[in-house]
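Okay, structure first, notes after.
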There are 2 protein chains.
Amino acid sequence: MIHTIEWKDSGVVMLDQRLLPRQEVYRTYSRYQEVAEAIRTMVIRGAPAIGVAAAMGIALGVKNSPVDSIEDLDAAFAIICDTLAGTRPTAVNLFWAIERMKSVYARTREKGVDAIRQALITESLAMHRQDIESNMEMGRLGQELIPANARILTHCNAGALATAGYGTALGVIRAAVNAGKQVQVFADETRPFLQGSRLTAWELNKDGIPVTIITDNMAGHFMKKGEIDCVIVGADRIAANGDVANKIGTYSVAVLAKENRIPFWVAAPVSTIDPKIPDGSFIKIEERDPDEVRKIQGIPITQDEAVVENPAFDVTPHRYVSAIITDRGIARPPFTESIRALLL
Amino acid sequence: MIHTIEWKDSGVVMLDQRLLPRQEVYRTYSRYQEVAEAIRTMVIRGAPAIGVAAAMGIALGVKNSPVDSIEDLDAAFAIICDTLAGTRPTAVNLFWAIERMKSVYARTREKGVDAIRQALITESLAMHRQDIESNMEMGRLGQELIPANARILTHCNAGALATAGYGTALGVIRAAVNAGKQVQVFADETRPFLQGSRLTAWELNKDGIPVTIITDNMAGHFMKKGEIDCVIVGADRIAANGDVANKIGTYSVAVLAKENRIPFWVAAPVSTIDPKIPDGSFIKIEERDPDEVRKIQGIPITQDEAVVENPAFDVTPHRYVSAIITDRGIARPPFTESIRALLL
């Protein structure tokens, strides 16, 4: 069992994903601002995990807020929520989690400050538990798609480390293994942050699931050689028409899969669907620190003044997506209809 | 002027490309075995540069061979040629250069040991000079394809550092700049060896040509956003039908270019064409040390025991190639005919 994030009396405890796989360090954050900073600096990452972290950060901030009156708590709560909302722009689960905490706050407000504090903690714990349950359900539904002997390519990390536990894309793979299927995973290393070579390989190794790391630019080569049977990735935001924002490079993998007639599946809870946006052009793509490209694990690989770009996500148009595996069922093209049906 | 490789009285001098762009170190090799090792360990790389290095390595080995009789030199020459031929399997220029040295040896043999020694040195210097001339000619012909305002994607390094000087793909870009065109280059970083972020960015910076480094998995994203007008890459071996072996990831770039209706050009001298092989399936793909993927600049990024793959090249089928720019003209589809015409 991987403890990506936990609520403890001392604070919110996270496995520091920046140090994996070489070091396994757990950090305890006792202030909500530290939780926000941990999200921003990618101590924790992955859309569902970010959602849970934001919820726990809000619960922590309200718990520790030194106010007595409901009016003062209203003001403090707004600041706490804004701070967590300002951490990362692309994953919709962050905003979904904050909205859910705001609803609980509104529903509990008349009961007073202490009741709010308790209700927000309870809600964040429920979101943690429900995220794992939703992963398990996605796994149960999604593993039906996996062939009995499957060589599966994945990009980035959509595993236990990207969620409260178990994983979305890797949850489907785990469920396939548990169903007795023979699985071989190819993990794109996923520059610049190396979520594939550092995180996906680490957590699959822990579970004894065979995994081979390749650099991002090798995926097409192995597809063309016939060594990949299917692709499964996670998502950070899914538009109403099925366009998928996910880690930079996902679009390239999807195009290569289509060109090689390999199914391309996305696994994500319905909380990742943003029905308010009609298509992917409305998704804000986070631009991150150029030094993530200029350096690898702190080691400079370019000239100091090198000009770089560092978009953290891209959008895969729905025409490249074979199916979207959610915790409420599998959506297939045409996605506008199938996604709407899932959300009813 | 970049001095990738030079012949000096003290030996063969190479710019150590493993240390760029952070250090500019020149190494002098006085034994042919050292030249072979420099090719194997990628002190020097790039198909045309490897060809010149092999020729100079042979000239060096014969120059220093402590034999007096022609029969002893025959035996020594065979060992020297075999050593250099065993360094890297994919780039055909290596074998082309060795064959050329063998021809000179055969033609000069009756004149005796000293005449052979001199002839081989002269030949390797001629190959160095002719490589630069061929790059200039490719540039002159190829730059006609470049739009007046061009955002050009390139992969790996097909520049002065991959040749005796000037470059193949980057030679075309240099010629376009010299013709007064506005050029913005996007350089794929090109994991695992980072030829793009380390070498291409370094040499374009030296020439004042604007270059932006992106990770390999970003290329598709920028193509889809309409920010790339054309792609130009080098080649390590071109089959008779136009299939192109080049640095791993080239195939993916070509598929993404086709999907986004962006022209994909290959620049290579005719010495990179291997008319003996009908298609790319006959090209041996070098597998390199897994530690190139497990580490970056010597720093481990994965678990020590991580399973990785490390093919150094891939094959781009000719149907993705818009044109092949050579020093004898530009070949266009159907390539079987146009390549044959170039070689007449």
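Quick caveat, the model's predicted, so the values are computed rather than measured.
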Next on the checklist: If the condition is side chain to side chain contact (heavy atoms under 4.5 Å, CB included), which residues does A:Lys258 pass it with, not counting sequence neighbours?
Outcome noted: A:Tyr320, B:Glu259
Checklist entry - Which answer fits B:Val253, side chain, backbone, both or neither, if we ask what part of it has an atom under 4.5 Å from a heavy atom of chain A? => result neither
Checklist entry - Any luck finding a side-chain donor-acceptor pair between A:Gln17 and A:Asn157 under 3.5 Å? => result no
Next on the checklist: Over 60° means perpendicular and under 30° means parallel, so tell me whether A:His318 and A:Phe335 are parallel, tilted or perpendicular.
Outcome noted: perpendicular
Next on the checklist: With chain B as the partner, which of A:Arg294, A:Arg198, A:Gln297, A:His221 has the greatest number of non-hydrogen pairs under 4.5 Å?
Outcome noted: A:His221
Checklist outcome for this item: Scored by heavy-atom pairs under 4.5 Å with chain B, the best of A:Ile214, A:Thr250, A:Val211 is A:Val211
Checklist entry - Partners of B:Ala268 by side chain to side chain contact (heavy atoms under 4.5 Å, CB included), sequence neighbours excluded? => result B:Ala235, B:Ile238, B:Thr272
Checklist entry - Given a strict heavy-atom distance threshold of 4.5 Å, which part of B:Ile248 is in contact with chain A: side chain, backbone, both, or neither? => result both
Checklist entry - Excluding sequence neighbours, so at least two apart, what forms side chain to side chain contact (heavy atoms under 4.5 Å, CB included) with B:Ile299? => result A:Ile299
Checklist outcome for this item: In terms of heavy-atom pairs under 4.5 Å with chain A, the winner among B:Val293, B:Leu256, B:Ile285 is B:Leu256
Checklist outcome for this item: When the 4.5 angstrom heavy-atom criterion is applied to A:Asn217 and chain B, the contacting part is both
Checklist entry - If contact means a heavy atom pair closer than 4.5 Å, which residues of residues 300-313 of chain B contact chain A? => result B:Pro300, B:Ile301, B:Thr302, B:Gln303, B:Asp304, B:Ala306, B:Val307, B:Val308, B:Glu309, B:Asn310, B:Pro311, B:Phe313
Next on the checklist: Under the criterion salt bridge (charged side-chain N to carboxylate O under 4.0 Å, His left out), I'd like the reasoning laid out for B:Asp216 against B:Arg191: C-alpha separation, chi angles, the key distance, then a yes or no.
Outcome noted: CA-CA 7 Å; B:Asp216 298 289; B:Arg191 277 279 288 147; over 6 Å; no
Checklist entry - About how many Å separate NZ of A:Lys206 and CD1 of A:Ile2, when rounded to the nearest 0.5 Å? => result 6.0 Å
Next on the checklist: Quick test of your reading of the model: are B:Lys224 and A:Asp314 salt-bridged, counting only N-O distances below 4.0 Å?
Outcome noted: no
Item to check | Option in A:Met218, A:Lys225, A:His155 with maximal non-hydrogen atom pairs under 4.5 Å from chain B | outcome: A:Met218
Next on the checklist: Between B:Asp229 and B:Arg151 (side chain of the first, backbone of the second, donor and acceptor by atom type, cut-off under 3.5 Å), is there such a pair?
Outcome noted: yes
